[in-house]
Amino acid sequence: MFERVFKYPLPIHGSVHSLPTGAKLVSIGAQGNDIFMWLRVNPVTPERAYEFYVAGTGWELPPEACQHVLGSVHLANGEVYHVFSVGDL
């Protein structure tokens with residue numbers, strides 16, 4: 001089966017997504033004032049839990065929640081947020 005790119009929402013603070021194993025980051029971005037990630041996935045691959053953390057500039061970062069930086073996002077309202085994965089993506 002061919003891989004596909006899908007869009008997933010990222011709420012501020014923590015979130016867990018059930019995603020196909022082996023998901024690969026394409027992009028982190030904003031649409032309006034909402035944060036999203038686009039991932040390249042094989043939709044028939046078994047899923048597993050992936051955990052993410054979103055923090056604003058100047059916020060305290062819990063060390064266990066910020067193991068890998070995925071990117072930063074500038075929202076339409078001028079706020080800037082930073083996206084981390086807890087564990088590998």
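In this structure, Glu47 contributes its side chain and Pro20 its backbone to no donor-acceptor pair below 3.5 Å.
Put simply, NE2 on His17 and CZ on Phe52 are 6.0 Å apart, with the number rounded to the nearest 0.5 Å. Between the NE2 atom in His82 and the OH atom in Tyr53 there is a gap of 11.5 Å [rounded to 0.5 Å]. Here the CG atom belonging to Leu70 is positioned 5.5 Å from the CG atom belonging to Leu25, to the nearest 0.5 angstrom.
Listed here is the closest heavy atom pair of Gln67 and Gly87: OE1-N, 2.9 Å.
In this structure, Val80 is not a member of the same hydrophobic cluster as Phe84, with clusters built from ILVMFWY side-chain heavy atoms closer than 4.5 Å. A continuous path of Ile, Leu, Val, Met, Phe, Trp and Tyr side chains, each step under 4.5 Å between heavy atoms, connects Phe6 with Val83, placing both in one hydrophobic cluster.
Of the N and O atoms on the side chains of Ser85 and His68, not one donor lies less than 3.5 Å from an acceptor on the other residue. A donor-acceptor contact under 3.5 angstrom links the side chains of Glu79 and Tyr81, judged on distance only.
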Applying side-chain contact (heavy atoms from CB on, under 4.5 Å) to Val54 and Val73, what does each step give before you reach the verdict? CA-CA 10 Å; Val54 179; Val73 180; over 6 Å; no
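By the side-chain contact (heavy atoms from CB on, under 4.5 Å) test, Thr21 pairs with Thr45, Arg48, sequence neighbours left out.
Here the side chains of Val86 and Tyr50 are not in contact, with every heavy-atom distance at 4.5 Å or above.
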Side chains of residues 34-42: which donor-acceptor pairs under 3.5 Å do they make with residues two or more places apart or in other chains?
unit_1	atom_1	unit_2	atom_2	d
Arg40	NE	Glu3	OE1	2.6
Asn42	OD1	Val44	N	3.1

